[in-house]
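Here is the structure we will look at.
Quick note: residue numbers are just sequence positions, from 1. All heavy atoms count here, side chains included; hydrogens, waters and symmetry mates do not.
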Amino acid sequence: MSFYDAIRVGASGAADAYEVDQSLRFVRGDAHKLTRTPGSAGNRRTWTWSAWIKTTGDTGENFLFSVVNSGYSGNSEYTTINLYGNKLRLSQATNHIRQANKLFRDPSAWYHIVVKYDSTDSTADDRAILYSNGERLTDLSDNISISENYETAINTTLNHTIGDGISSQAFNGLMAEVNFLDGYAYDPSYFGETNAITGQWVPKKYTGSYGSQGFYLKFADNSSVSALGTDSSGNGNNWTPNAAIVVGDRLKDTPTNNFPTLQMMGFPFASGASFFDVNLQITTGSSGSARNLNRQAFAPMLVNSGKWYAEFMQKSSGGNGFIGVAPYQVMISPTANNTRYAFVLTHDGKAYVRTGSSESISTYGGNTAQYDVIGVYLDMDAGTPVVYFSKNGQWSDGSGNFDESSPTGGITLGDSFFTTDTGGNDGFVAFALVSASGGNSAQFHANFGQDSTFAGQTTAGGNTDENGLGDFKYAVPTGAKALCSSNLPDPTILLPNKHFNSVIWSGNGTNGRTISGVGFNPDWTWIKCRSNDPSHLLYDTVRGGNKALSSNNTDAESSSSEYGYLSAFASDGFTLTQGTNGSFPMGSVNHSGRTYVAWNWEAGETDGKTY
């Protein structure tokens, strides 16, 4: 799922669109899981599992739904649906029946997963099908033949688990809208649909039958821990949360209103830097300089307008950390210091600000203690953007204390704050967290509105923004909003795949081959061989076919026909023409045995279109 998809899920939908209001957090380090042992067996030959998940990008094995009998005597007592190396697979003991090559590694995105199992199907390849965001996954690294009428461990009377199986392989992420159908093999259209306005794959309410052992977990009731496992299918097939789960593990972050989680501004991470609690908690580590980008976390929903509020719990006992805002400084080395920021030091409440060539340090708020909650209010609509800070609901007036009921003491983000080293993100800013000392590790827990309990570390606040969105510990400043997809403005282009799209193909050496599936008549096409390393080739409608530029060298435009070329643009793609070099036909664009990708833009007006 692209960055655009991750942000746009749930926005720009119709007023009566189906809404998902909550998800459940699964933390591997705490071995979160739900368990159920069916009183009787269901249909072991035909079933469907559907769920929306948001991962942490963890490359380890993540069990989503499983039956793992610790004393199993054969394959019939071990079935799992899991992510391994960010790849979805259905396993039967040590046999990976299906494993897709698609990577589920975007920690900002919600993914819809469907596994349809029907061993009664007469077509062997259709007996187990994996889907993602409405599409069947056909690029498989494992595709083992399933015998007709083969029975899985799912729907036996053995213990079933959601989110675990073996503690070291527990799921790390969020889960929502979990449907399991006993005796029915359905495709994703029963659980989701394409939003006509945005082109996004979004949830829809399942209205069919569940079968005797089927269930629907929507995590709507958090009146108690046990209530989180309530089955809403009408079957009463309730699940039991384990002791590690708390009521605060029900979050507002959902596939119809996506909230940010933390990402590191520089990669790879500094030694000792890590995320926890579905990427809402950061430990910065003590390696490197205090303001290094590879130990600085930020919220990847960048803003250039509006008023925004977020909360951060100080977890470090020493309080040696910075909380505030900073541009996304992608042009700086990951091991270098950031050069623009406005931070409050959690140790003594002083303001550390760099909006130009040097840092200024001044009295601002007062001392803070471990588990204090620092509020950050960012006003991007002011003549010059301003940021304000609070402690446990009390705001600073800039004189050395947190003792005001409303924001009064702002820090102005002027000078070159938004225009230096931002790598094309000029004018945008993000909430940011980092250690204040090179030799000390700081720890913070973020709440962008998805959980005012900070994973059960404090009582819920229940405060919302002006749109009734979010869940904050303390009151949200007037006019400020939670940072979430429902609060983001609609982009100018709602359907980006109508203006940019990529296609891939395997070369076959055929002359006059048409590559289709772009979805529009491209004005600019960039072709790259994926399996080998010949030059990149760039074509456009202004210069016409067989006039290539190479992005990886400084050569002049080439019209050579020796190795094959893009000869013409078409309504849904382009045509490739055979080269004259018989010993190496179509070496650049369609050579047999090689694989290719083309990135395509609808970018001009030569065909009479306007934008």
- Message: Determine whether F298 and Y328 satisfy the following criterion, ring-ring contact (aromatic ring centres under 6.0 Å, His included), listing intermediate values before the conclusion.
- Response: CA-CA 8 Å; F298 75 108; Y328 183 21; 4.7 Å; yes
- Search all heavy atoms of A598 against all heavy atoms of T525 and return the closest pair with its distance. CB-CG2, 4.0 Å
- Message: Is there a side chain to side chain contact (heavy atoms under 4.5 Å, CB included) between Y371 and Q314? Walk through the geometry before answering.
- Response: CA-CA 5 Å; Y371 304 116; Q314 175 191 316; over 6 Å; no
- Message: Using side-chain heavy atoms (C-beta onward) and a distance below 4.5 Å, is T464 in contact with L469?
- Response: no
- Query: Do the side chains of F448 and D253 get nearer than 4.5 Å, heavy atoms only?
  - Reply: no
- Greater than 12 external heavy atoms within 6.0 Å of E466's CD: yes
- Item | Shortest non-hydrogen contact from F269 toward A273 | CD2-O, 3.5 Å
- Query: Are any non-hydrogen side-chain atoms of L345 and N320 less than 4.5 angstrom apart?
  - Reply: yes
- Message: Please find the pair of heavy atoms, one from P477 and one from W395, that lie closest to each other, and give the distance.
- Response: CG-CZ2, 3.5 Å
- Task: Evaluate the side-chain proximity of P385 to F418: yes if any heavy-atom separation is below 4.5 Å, no if none is.
- Result: yes
- Okay, side chain of N600, backbone of S502: is any donor-acceptor separation there less than 3.5 Å? no
- Quick one: which residue pairs count as a salt bridge (Lys or Arg N to Asp or Glu O under 4.0 Å) with a foot in residues 267-294, not counting sequence neighbours? R25-D277, R291-E359
- In terms of the angle between their ring planes, are F402 and Y364 parallel, tilted or perpendicular, with boundaries placed at 30° and 60°? perpendicular
- Exactly one candidate in F343, F322, F389 meets ring pair (Phe, Tyr, Trp, His ring centres under 6.0 Å) with Y352; the answer is F322
- Item | Any F454 side-chain heavy atom under 4.5 Å of E311 side chain | yes
- Apply the test side chain to side chain contact (heavy atoms under 4.5 Å, CB included) to residues L280 and H445: give CA-CA distance (whole Å), side-chain angles for both, the deciding distance (0.1 Å), then the verdict. CA-CA 6 Å; L280 287 174; H445 203 123; 4.1 Å; yes
- Do K102 and F104 meet the cation-pi criteria used here (NZ or CZ under 6.0 Å from the six-membered ring centre, within 45° of the axis)? yes
- Query: Are the side chain of N463 and the backbone N or O of F472 linked by a donor-acceptor pair below 3.5 Å?
  - Reply: yes
- Task: Give, for atom CZ of R354 and atom CZ of F417, the distance between the pair rounded to the nearest 0.5 Å.
- Result: 11.5 Å
- Task: Mind running side chain to side chain donor-acceptor pair (under 3.5 Å) on D58 and T56 for me, showing each step along the way?
- Result: CA-CA 5 Å; D58 184 340; T56 62; 4.5 Å; no
- Message: I'd like to know whether CZ of F500 has more than 12 heavy-atom contacts from other residues, nucleotides or ligands below 6.0 angstrom.
- Response: yes
- Is any side-chain heavy atom of L538 closer than 4.5 Å to a side-chain heavy atom of S550? no
- Dump the intermediate steps for side chain to side chain donor-acceptor pair (under 3.5 Å) on K473 and T458, then the final yes or no. CA-CA 9 Å; K473 177 65 176 176; T458 186; 3.1 Å; yes
- Run the side chain to side chain contact (heavy atoms under 4.5 Å, CB included) check on S108 and Q263 step by step: do they pass? CA-CA 9 Å; S108 297; Q263 292 186 26; 2.7 Å; yes
- Message: Minimum heavy-atom separation for V246 and G456, please, with both atom names.
- Response: CG2-CA, 4.2 Å
- side chain to side chain donor-acceptor pair (under 3.5 Å) between Q443 and S316, intermediate numbers included: CA-CA 5 Å; Q443 191 175 83; S316 310; over 6 Å; no
- Are any of the side-chain heavy atoms of D21 and K252 separated by less than 4.5 Å? no
- Is there a donor-acceptor contact under 3.5 Å from the side chain of T254 to the main chain of V20? yes
- Message: Return the NE2 to CG distance between H499 and D523, rounded to the nearest 0.5 Å.
- Response: 11.0 Å
- Query: Does any N or O in the side chain of N501 come within less than 3.5 Å of the main-chain N or O of V518, such that one atom is a donor and the other an acceptor?
  - Reply: yes
- Task: Could you check I374, D372, T368 and say which one makes a side-chain contact (heavy atoms from CB on, under 4.5 Å) with N392?
- Result: D372
- Message: In terms of relative ring orientation, are W526 and H536 parallel, tilted or perpendicular, with 30° and 60° separating the classes?
- Response: perpendicular
- Query: Does G57 offer a backbone N or O that forms a donor-acceptor pair with the side chain of T55 under 3.5 Å?
  - Reply: yes
- Task: Quick one: sort the Y388 and Y377 rings into parallel, tilted or perpendicular, breaks at 30° and 60°.
- Result: parallel
- Item | Gap between atom CD1 of I53 and atom CG of N172 - 0.5 Å precision | 11.5 Å
- Minimum heavy-atom distance A326-Q296, with the two atoms named: CB-NE2, 4.1 Å
- Quick one: closest heavy-atom pair of W308 and L483, and the distance? CE3-CD1, 3.8 Å
- Task: Check whether any side-chain heavy atom of R28 sits under 4.5 Å from a side-chain heavy atom of N62, and report yes or no.
- Result: yes
- Task: Please test F276 against K315 for side chain to side chain contact (heavy atoms under 4.5 Å, CB included), starting from the C-alpha separation and ending with a verdict.
- Result: CA-CA 12 Å; F276 187 68; K315 295 291 297 293; over 6 Å; no
- Message: Return the CG to CG distance between N101 and L137, rounded to the nearest 0.5 Å.
- Response: 9.5 Å
- All side chain to side chain donor-acceptor pair (under 3.5 Å) counterparts of H32, not counting sequence neighbours: none
- Value rounded to 0.5 Å, distance of OG in S333 from CG in N292: 8.5 Å
- Message: Let's go through D471 and S452 carefully: what are the C-alpha distance in whole Å and the side-chain angles of both, what is the deciding distance for side chain to side chain donor-acceptor pair (under 3.5 Å) to 0.1 Å, and is it a yes or a no?
- Response: CA-CA 5 Å; D471 173 24; S452 65; 2.8 Å; yes
- Mark yes or no for whether T412, through its side chain, and G414, through its backbone, hold a donor-acceptor pair below 3.5 Å. no
- Spell out, as yes or no, whether a donor-acceptor pair under 3.5 Å connects the side chain of T284 to the backbone of A442. yes
- Item | Atom pair CZ/OG of R340 and S357 - distance to nearest 0.5 Å | 7.5 Å
